[in-house]
Amino acid sequence: MHLALVLALGCAHTGRAPNGEDDVPGALTDHFVLIGGTLTGGDVVDVEVRAGAIVALGPVDPTVDRVDVTGMWIAPAFIDSHVHLAYLPAIQQMAAGGVAAGVDLAAPLAFMASDSGTFEIVHAGPMVTAVGGYPTQSWGSDGYGFEVDSPAEAIAAVDDLASRGAGLIKLPVTGPPVLDEASLQAAADRAHELGLKVASHALLDSEAVIARQAGVDVLAHTPTAPLEDSTVDLWASGAVITTLSAFGGRDDTLDNLRRLREAGATVLYGTDFGNTRTAGIDGAEIALMLQSGMDGEAILASATAVPAEYWGLDDLGAIDVGSAASLLILSSDPLVDPSVLASPEAVYIRGVRQ
């Protein structure tokens, strides 16, 4: 049975069912095999899934439920390194669109305790910001900022967020008003002491310099204003989240991403979902990443293996035994045509067909 027929039947299986009947369509069990798919490295492999994880790659027991994906390509599901899922609640739609995890870069405290099901979220919680600072006077007025006015309060805010399970801290330097240098440094230092990375909303060259000098690890956006060569060098060992489509794909932004990447900065796919509106893998973002000089291999890595390692999402981003069965079934090779990533033929998140 070809994949198109499998999809038409919903979660169907082909081959020999557990009860011994042949070619009987029905709901997949939590133990099944994707037969005949091609991995992005070019190997044709059968992928056996049990209880949401990949348990084998290769020849399989013929009694296990099967889904024929012959002629299709299999890639890991995406990690979006910049989302706002309290601002625009769409976790189910994100998963259905091929995203297995998101890094939520600003949300009220209550959202940090919410249940996201099989969709994994790395929470920043509210941005630690100056009194009246970004984003408290605009889109984030309803709890998206944790306002402080001294180094001691900045440290206390980081401690509070860490105690609630924050996986990183976000420190905006867009303003005014902005955190004073001592408070910014104190917050970054305390986050690092706790083993947390620090992101910053910094769109101008001067803001990117301030953030990096304070010890910020990752730019939450590719800066939109032209970066000086010295600023690019300053960020060569840092990281940048793309969010190109969020700002209309400006030439300066594309050039900044190209130069940062060439300098050695880690590039992480991110869409600023919530402020942007495409739930799932964003084809516009991928197209702009191509325009910035990234090829299919770099784009796929920036949304899978690279962020999995960067954010400590150990069982995502790869197709290996022991990894989560969070997978994209694609009509063609995404390394040749990355646009297919935004229109998967099927999506599995931890073994569940979306």
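Numbers here simply count residues along the sequence, with the first being 1.
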Checking the side chain of Ser200 only, and the main-chain atoms of Leu171 only, is there a donor and an acceptor separated by less than 3.5 Å?
yes

Closest non-hydrogen contact found for Arg212 with Ser237 is NH2-OG, 2.8 Å

Give the table of side-chain donor-acceptor pairs shorter than 3.5 Å for residues 95-107, with sequence neighbours excluded, one pair per line with atom names and distance.
{"from": "Asp104", "atom 1": "OD1", "to": "Ala106", "atom 2": "N", "distance (Å)": "3.4"}
{"from": "Asp104", "atom 1": "OD2", "to": "Leu85", "atom 2": "N", "distance (Å)": "2.7"}

Can you list the steps and then say if Val267 with Val306 is a side chain to side chain contact (heavy atoms under 4.5 Å, CB included)?
CA-CA 8 Å; Val267 176; Val306 173; over 6 Å; no

Does any donor atom in the side chain of Thr222 or Asn256 lie under 3.5 Å from an acceptor atom in the other side chain?
no

Does Tyr87 offer a backbone N or O that forms a donor-acceptor pair with the side chain of Tyr144 under 3.5 Å?
yes

Atom pair CZ (Phe32) and CZ (Arg66), whose distance is rounded to the nearest 0.5 Å
14.0 Å

Once side chain to side chain contact (heavy atoms under 4.5 Å, CB included) is applied, do any residues pair with Glu207, and if so which ones, sequence neighbours excluded?
Val173, Thr174, Ala202, Leu203, Leu204

For Val198, is there any backbone N or O sitting under 3.5 Å from a side-chain donor or acceptor partner on Asp217?
yes

Quick one: are Ile329 and Ile74 in side-chain contact, heavy atoms under 4.5 Å?
yes

Please evaluate residues Thr278 and Thr276 with respect to the criterion side chain to side chain contact (heavy atoms under 4.5 Å, CB included), reporting the C-alpha separation (whole Å), side-chain torsions for both, the decisive distance (0.1 Å), and the verdict.
CA-CA 6 Å; Thr278 299; Thr276 61; 5.9 Å; no

Rounded to the nearest 0.5 angstrom, the OG-CG distance for Ser302 and Leu257 is 9.0 Å

Rounded to the nearest 0.5 angstrom, the CD-CZ distance for Gln93 and Phe273 is 7.0 Å

Between Val232 and Glu262, is there a side-chain heavy-atom distance shorter than 4.5 Å?
no

Does any part of the side chain of Tyr310, heavy atoms only, come nearer than 4.5 Å to the side chain of Val218, both counted from C-beta?
yes

Would you name the heavy atoms of Pro126 and Leu161 that are closest together and state the gap between them?
CD-CD2, 3.5 Å

Measure the shortest side-chain to side-chain distance between Asp80 and Tyr269 over non-hydrogen atoms and say whether it is less than 4.5 angstrom.
yes

For a side chain to side chain contact (heavy atoms under 4.5 Å, CB included) check, start with the C-alpha distance between Thr118 and Val352, then their side-chain angles and the critical distance, and finish with the verdict.
CA-CA 9 Å; Thr118 58; Val352 177; 5.6 Å; no

Go through the steps to decide whether Asp282 and Thr271 satisfy the test side chain to side chain donor-acceptor pair (under 3.5 Å), and finish with yes or no.
CA-CA 7 Å; Asp282 191 334; Thr271 63; 5.4 Å; no

Can you confirm whether Asp255 sits close enough to Pro226 that some side-chain heavy atom of one is under 4.5 Å from a side-chain heavy atom of the other?
no

Over all heavy atoms of both residues, which pair between Leu57 and Asp320 is shortest? Give the atoms and the distance, please.
CD1-CA, 4.2 Å

At their closest point, which heavy atom of Gly293 faces which heavy atom of Arg261, and how far apart are they?
O-NH1, 3.8 Å

In terms of hydrophobic clustering (I, L, V, M, F, W, Y; side-chain heavy atoms under 4.5 Å; direct or indirect links), are Ile349 and Ile79 co-clustered?
no

Could you check if a side-chain atom of Arg259 sits within less than 4.5 angstrom of a side-chain atom of Asp229, using non-hydrogen atoms only?
yes

Enter the distance from Lys197:NZ to Trp311:CH2 here, rounded to the nearest 0.5 Å.
7.0 Å

In terms of side-chain geometry, is the basic nitrogen of Asp315 or Arg350 positioned less than 4.0 Å from the acidic oxygen of its partner?
yes

Looking at Pro151 and Ser183, what are the two nearest heavy atoms and their distance?
N-OG, 3.1 Å

Tell me whether Glu297 at atom CD has more than 12 heavy atoms from other residues, nucleotides or ligands lying less than 6.0 Å away.
no

So does Arg50 get a backbone contact from the side chain of Asp30, meaning a donor-acceptor N/O pair under 3.5 Å?
no

If you measure from CE on Met72 to CD on Glu345, what distance do you get to the nearest 0.5 Å?
5.0 Å

Which is it for Val33 and Val47 under the side chain to side chain contact (heavy atoms under 4.5 Å, CB included) test, yes or no, and what are the steps along the way?
CA-CA 5 Å; Val33 181; Val47 180; 5.8 Å; no

Let me check something: do Trp235 and Leu254 share a hydrophobic cluster, defined by ILVMFWY side-chain heavy atoms less than 4.5 Å apart, either directly or through other members?
yes

Spell out, yes or no, whether Val240 and Ile169 are grouped together once hydrophobic residues are joined by side-chain heavy atoms under 4.5 Å, including indirect joins.
yes

May I ask you to decide if Ala214's main-chain N or O and Gln185's side chain share a donor-acceptor pair within less than 3.5 Å?
yes

Can you list the residues that meet the side chain to side chain contact (heavy atoms under 4.5 Å, CB included) rule with Ala305, with sequence neighbours excluded?
none

Side chain to side chain donor-acceptor pair (under 3.5 Å) pairs, two or more places apart, involving residues 325-337:
Asp337-Ser339

Would you mind reporting whether Trp139 and Asn275 have side-chain heavy atoms less than 4.5 Å apart?
yes

Side-chain touch Thr304/Phe78, heavy atoms, less than 4.5 angstrom
yes

Distance-minimising heavy-atom pair for Ile121 and Ser116
CD1-CB, 3.7 Å

According to the side chain to side chain donor-acceptor pair (under 3.5 Å) rule, which pairs have a member within residues 149-171, sequence neighbours left out?
Asp159-Arg190, Asp160-Arg164

Set of residues satisfying side chain to side chain contact (heavy atoms under 4.5 Å, CB included) with respect to Thr243, sequence neighbours excluded
His82, His221, Ile241, Ala246, Phe247, Asp272

Applying side chain to side chain contact (heavy atoms under 4.5 Å, CB included) between Ile286 and each of Leu300, Thr242, Leu341, report the one that passes.
Leu341

Out of curiosity, Gln213 CD to Thr231 OG1, how far, rounded to the nearest 0.5 Å?
9.0 Å

Are Val83 and Leu109 connected in a single hydrophobic cluster, I mean Ile/Leu/Val/Met/Phe/Trp/Tyr linked by side-chain heavy atoms less than 4.5 Å apart?
yes

Transitive ILVMFWY side-chain link Met127 to Met112, under 4.5 Å:
no

